[in-house]
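Everything below concerns the one structure shown next.
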Amino acid sequence: MKKLILLLVVLMTGCASQIKQEMPPPKVYPLLNFKGVEAMDNNEVVQQSKQCIYAKMHPNINYLSVHTEQGKVLVPVGVYCEPIL
């Protein structure tokens, strides 16, 4: 009986691990009234900030104010590394 339960548990975990969910690629939203400037993805901002910190510098995130139906929204458009004084 124990072997049967163990076999069922192994089969269930093996089948559950084979399910692969594909994530859609992140969408890039162009900013209104600003041609050529694209908003940065959250992951891009975090990675750029980490690179600045690894280089022992201070990350400076530039935001752009965009007017929407709900009000103003600050959108990150660039991350620059500045030396720590």
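Remember, it's a predicted structure, so these values are computed and weren't measured experimentally.
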**Item:** Straight-line distance of Met40 CE to Tyr63 OH, nearest 0.5 Å
**Value:** 10.0 Å
**Request:** Please name the pair of heavy atoms, one in Ser65 and one in Lys72, separated by the smallest distance, quoted to 0.1 Å.
**Result:** OG-CD, 3.6 Å
**Message:** I'd like to check the side chain to side chain donor-acceptor pair (under 3.5 Å) partners of Asn62; sequence neighbours left out, ordered by chain and number.
**Reply:** none
May I have the list of side-chain donor-acceptor pairs in residues 44-57 shorter than 3.5 Å, sequence neighbours left out?
unit_1 : atom_1 : unit_2 : atom_2 : d
Glu44  : OE1    : Asp41  : N      : 2.8
Ser49  : OG     : Val45  : O      : 2.9

**Message:** If we check side chain to side chain contact (heavy atoms under 4.5 Å, CB included) with Ile61, which of these qualifies: Leu74, Val79, Val77?
**Reply:** Val79
